[in-house]
Student: 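Structure below; questions to follow.
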Amino acid sequence: MAATSLSPGSTDRSVDALIIGAGFSGLYQLHALRDRLGLRAEVLEAAEGVGGTWYWNRYPGARCDSESHSYCFTFSEDLARGWEWTERYPQQPEVMRYLNYVADRLDLKRDIRFGTRVTGARYDAAANRWQVTTERGERYQATYLITAVGCLSTANVPKIPGFETFAGRWYHTGQWPHEGVDFRGKRVGQVGTGSTGIQAAPVIAETAAHLTVFQRTANYSVPARNVPLTPEFRRYVRESFPEIRATMQTTPNGHPFRIEDRSVFDVTPEERERIYEAAWEKGGLQFRATFRDLLLDKAANDTAADFLKAKIRAIVRDPKTAEILANIDHPYAAKRPPIDTNYFETFNRDNVTLVDVRADPIEAITPAGIATRSGAQYPLDIIVFATGFDAMTGPLLRLNIEGRDGLTLAEAWRAGPRNYLGLQVAGFPNLFTITGPGSPSVLCNMVVPIEQHVEWITDCIAHLRARGLSLIEPTPEAVDGWVRHVNDAADATLLPQVPHSWYLGANIPGKPRVFMPYAGGMTRYRRICDEVAAEGYRGFGMG
Ligand SMILES: Cc1cc2nc3c(=O)[nH]c(=O)nc-3n(C[C@H](O)[C@H](O)[C@H](O)COP(=O)(O)OP(=O)(O)OC[C@H]3O[C@@H](n4cnc5c(N)ncnc54)[C@H](O)[C@@H]3O)c2cc1C
Ligand SMILES: NC(=O)c1ccc[n+]([C@@H]2O[C@H](COP(=O)([O-])OP(=O)(O)OC[C@H]3O[C@@H](n4cnc5c(N)ncnc54)[C@H](OP(=O)(O)O)[C@@H]3O)[C@@H](O)[C@H]2O)c1
């Protein structure tokens, strides 16, 4: 059913539910509310198409680190059977094709307003409605407001002195031009060696005249070992859909493989080496699943860290470069672990240089390039910022949300995000945050937590409507308890011990240092959410 205008000639649109964002989250949420509950639901999306992350991140080498057969919706067997992946890890254009396939198959695009950036959302308590405004001045009203803005959709372009004086061109990987960038004959500087930088550098180096990689924190990486999918593997995926889905839904990280139930110290050093070697040869994130205690025990983690550092030294021919790359100061996988195709090998090319900006920090951008503290000058035609995102809270705070009694989300989260189950914030009735901070989100193969959140929110709204209730909001006590639990779950792991992790907000100057995702695992999290619902939405107030 189409949305209605409030009054003739008015630009206000009134719907039951407004969803912000048209990536995996927003697409499924629209389908669930519109086609399962029969609500009038619309999506507002800043981009000109569906895709979210995959619409924006078109940089060279952009590719999944989830394996393709697990990076897709599982809520509909019919939808799953209508799609076949071509590679072990899909490249950005293939994920875009997949999400367009989903949107077309479910006829979603007619209810998505593209090119529509939300700039404000205010809760009107008298009407129990959310008033939403967009950059272009349109106004919407809705009973339920659901953010599907992603955890990684706000590009972080560092504020480096002299930035505006640069005479060449610069790009952030998360806002990559659709027409692509021609690196031929160009001196390119790449700032950043996270998952993005590690994917981009080998591809940029293939065409650039010269690539200078500016590394602040050295990083681990395991080879992806991407390959085209064989007919046998495709048949396995077709025939084993229920088993694959069951595995994804019962593992802590939502991947289609299980974490081995053994400790690093259950095996001899020789056996451990053999296990790591086999995992290195197999490639991908499964390396992290070789032992159950890699993220729990520093001594256990050291064995993996030493193995991976030795690999870097073996691959990179110049010992000085190898040492800068292997000088990693944090446990393996305590920051999001990248996987790569020829990343360390790239530093053996004559046209690639590594600069250690931990030892010699970037001081300024000049008209000619990048200058470091020691006075070194790096002349550049193009700068690629692979500098990540204002993760998790960034996209939510940019919505300028104002809840009950004028309380803003920025104020409520001044010392870091506070919510219940990562799903709702006290003082913000009927606002739901898909993969919000305090939920497992970025610690998982993300389609799994996205599906779980969408289904929980949909069931919750169905519950309210079935009982004639008009709003839901967590109690402050439930929020306090959840924040404590999120902190405890993080503290039981090595994850919060990395001072420069974006999980902690440490990549954004001035951001509160709070471990944001829920580290207790997706299985446990799902169980808690199910119990809360089964107990009549324990911890929530409804009216
Ligand atoms: C390069 C890259 C690779 C990744 N690879 C993987 C992977 O292999 N496996 C994995 O599990 N995860 C991966 N991720 C994480 C990825 O973000 C999620 O898997 C998933 O795509 C998130 O979907 P989403 O719909 O929740 O959010 P997004 O895909 O981020 O979509 C959010 C949408 O909201 C829109 N939006 C935001 N703010 C506003 C606003 N104010 N107004 C209107 N619209 C707005 C954005 O334009 C965007 O389209 C990757 C992330 C990046 C950056
Ligand atoms: N599927 C995939 O393989 C894939 C690919 C890309 C992204 N992703 C997802 O997106 C997340 C973000 O990845 P990302 O690589 O875009 O961001 P990131 O992990 O935050 O990495 C950003 C890099 O830029 C550096 N940096 C930031 N500001 C800097 C500055 N002012 N000066 C010098 N260096 C600076 C960081 O150094 P410090 O470490 O010192 O801060 C880091 O090396 C990943 O963790 C992952 O979840 C996944």
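Read the numbers this way: they start at 1 and go in the same order the structure lists the ligands and their atoms.
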Student: Please check if any side-chain donor atom of T458 sits under 3.5 Å from a side-chain acceptor atom of Q29, or the reverse.
Tutor: yes
Student: Applying a 4.0 Å heavy-atom criterion (strictly less than), which segment of Q199 is in contact with ligand 2: side chain, backbone, both, or neither?
Tutor: side chain
Student: What residues, two or more places apart in sequence or in another chain, satisfy side-chain hydrogen bond (donor to acceptor under 3.5 Å, both in side chains) together with D65?
Tutor: R336
Student: Output the list of atoms in ligand 2 that are nearer than 4.0 Å to some heavy atom of T193, sorted by atom number.
Tutor: 23 (C), 42 (C), 43 (O)
Student: For the 3.5 Å polar cut-off, considering only N or O atoms, please tell me whether T173 and ligand 2 meet it.
Tutor: no
Student: Can you figure out which of P158, P509, G192 has its heavy atom closest to atom 31 (N) of ligand 2?
Tutor: P158
Student: Among F385, W502, Y71, Y89, which residue places a heavy atom closest to atom 19 (O) of ligand 2?
Tutor: W502
Student: Below the 3.5 angstrom mark, is there an N/O of R63, backbone or side chain, next to an N/O of ligand 2?
Tutor: yes
Student: Is there a donor-acceptor contact under 3.5 Å linking the side chains of S14 and R129?
Tutor: yes
Student: Starting from the N and O atoms of ligand 1, collect every protein N/O partner closer than 3.5 Å and put each pair on its own line with the distance to 0.1 Å.
Tutor:
from: ligand 1; atom 1: 8 (O); to: D65; atom 2: N; distance (Å): 2.7
from: ligand 1; atom 1: 8 (O); to: D65; atom 2: OD1; distance (Å): 2.8
from: ligand 1; atom 1: 8 (O); to: S66; atom 2: N; distance (Å): 3.0
from: ligand 1; atom 1: 9 (N); to: S66; atom 2: OG; distance (Å): 2.7
from: ligand 1; atom 1: 11 (O); to: S66; atom 2: OG; distance (Å): 3.4
from: ligand 1; atom 1: 11 (O); to: M446; atom 2: N; distance (Å): 2.6
from: ligand 1; atom 1: 17 (O); to: T53; atom 2: OG1; distance (Å): 2.7
from: ligand 1; atom 1: 19 (O); to: Y71; atom 2: OH; distance (Å): 2.5
from: ligand 1; atom 1: 21 (O); to: Y71; atom 2: OH; distance (Å): 3.1
from: ligand 1; atom 1: 25 (O); to: F24; atom 2: N; distance (Å): 3.0
from: ligand 1; atom 1: 25 (O); to: S25; atom 2: N; distance (Å): 2.9
from: ligand 1; atom 1: 25 (O); to: S25; atom 2: OG; distance (Å): 3.4
from: ligand 1; atom 1: 26 (O); to: S25; atom 2: OG; distance (Å): 2.6
from: ligand 1; atom 1: 29 (O); to: T53; atom 2: N; distance (Å): 2.7
from: ligand 1; atom 1: 29 (O); to: T53; atom 2: OG1; distance (Å): 3.2
from: ligand 1; atom 1: 30 (O); to: T53; atom 2: OG1; distance (Å): 3.4
from: ligand 1; atom 1: 41 (N); to: V118; atom 2: O; distance (Å): 3.0
from: ligand 1; atom 1: 42 (N); to: V118; atom 2: N; distance (Å): 2.8
from: ligand 1; atom 1: 44 (N); to: A46; atom 2: N; distance (Å): 3.1
from: ligand 1; atom 1: 47 (O); to: E45; atom 2: OE2; distance (Å): 2.6
from: ligand 1; atom 1: 47 (O); to: W56; atom 2: NE1; distance (Å): 3.0
from: ligand 1; atom 1: 49 (O); to: E45; atom 2: OE1; distance (Å): 2.7
from: ligand 1; atom 1: 49 (O); to: E45; atom 2: OE2; distance (Å): 3.0

Student: Which ligand 2 atoms are under 4.0 Å away from a heavy-atom of Y59?
Tutor: 5 (C), 6 (C)
Student: Taking the basic N atoms (NZ, or NE/NH1/NH2) and the acidic carboxylate oxygens, is any pair closer than 4.0 Å for D329 and R358?
Tutor: yes
Student: Around atom 16 (O) of ligand 2, find the nearest protein heavy atom and jot down its residue, atom name and distance.
Tutor: T196 OG1, 2.7 Å
Student: Nearest to atom 23 (C) of ligand 2 by heavy atom, S441, A224, A386, G388: which?
Tutor: A386
Student: F73: what forms a ring-ring contact (aromatic ring centres under 6.0 Å, His included) with it, not counting sequence neighbours?
Tutor: F24, Y28, F75
Student: Taking only residues two or more places apart in sequence or in another chain, which ones pass side-chain hydrogen bond (donor to acceptor under 3.5 Å, both in side chains) with R398?
Tutor: D390
Student: N253 side chain to H255 main-chain N or O, any donor-acceptor pair under 3.5 Å?
Tutor: no
Student: Heavy atoms only: which of H500, R216, Q190 is nearest to atom 26 (N) of ligand 2?
Tutor: R216
Student: Is it the case that the ring center of W170 lies less than 6.0 angstrom away from the ring center of F163?
Tutor: yes
Student: Which residue holds the protein heavy atom closest to atom 48 (C) of ligand 2, what is that atom called, and what is the gap in Å?
Tutor: S195 CB, 3.8 Å
Student: Thinking salt bridges, do D360 and R373 make one under a 4.0 Å N-O criterion?
Tutor: no
Student: Between T133 and E138, is there a side-chain donor-acceptor contact under 3.5 Å, judged purely by atom types and distance?
Tutor: no
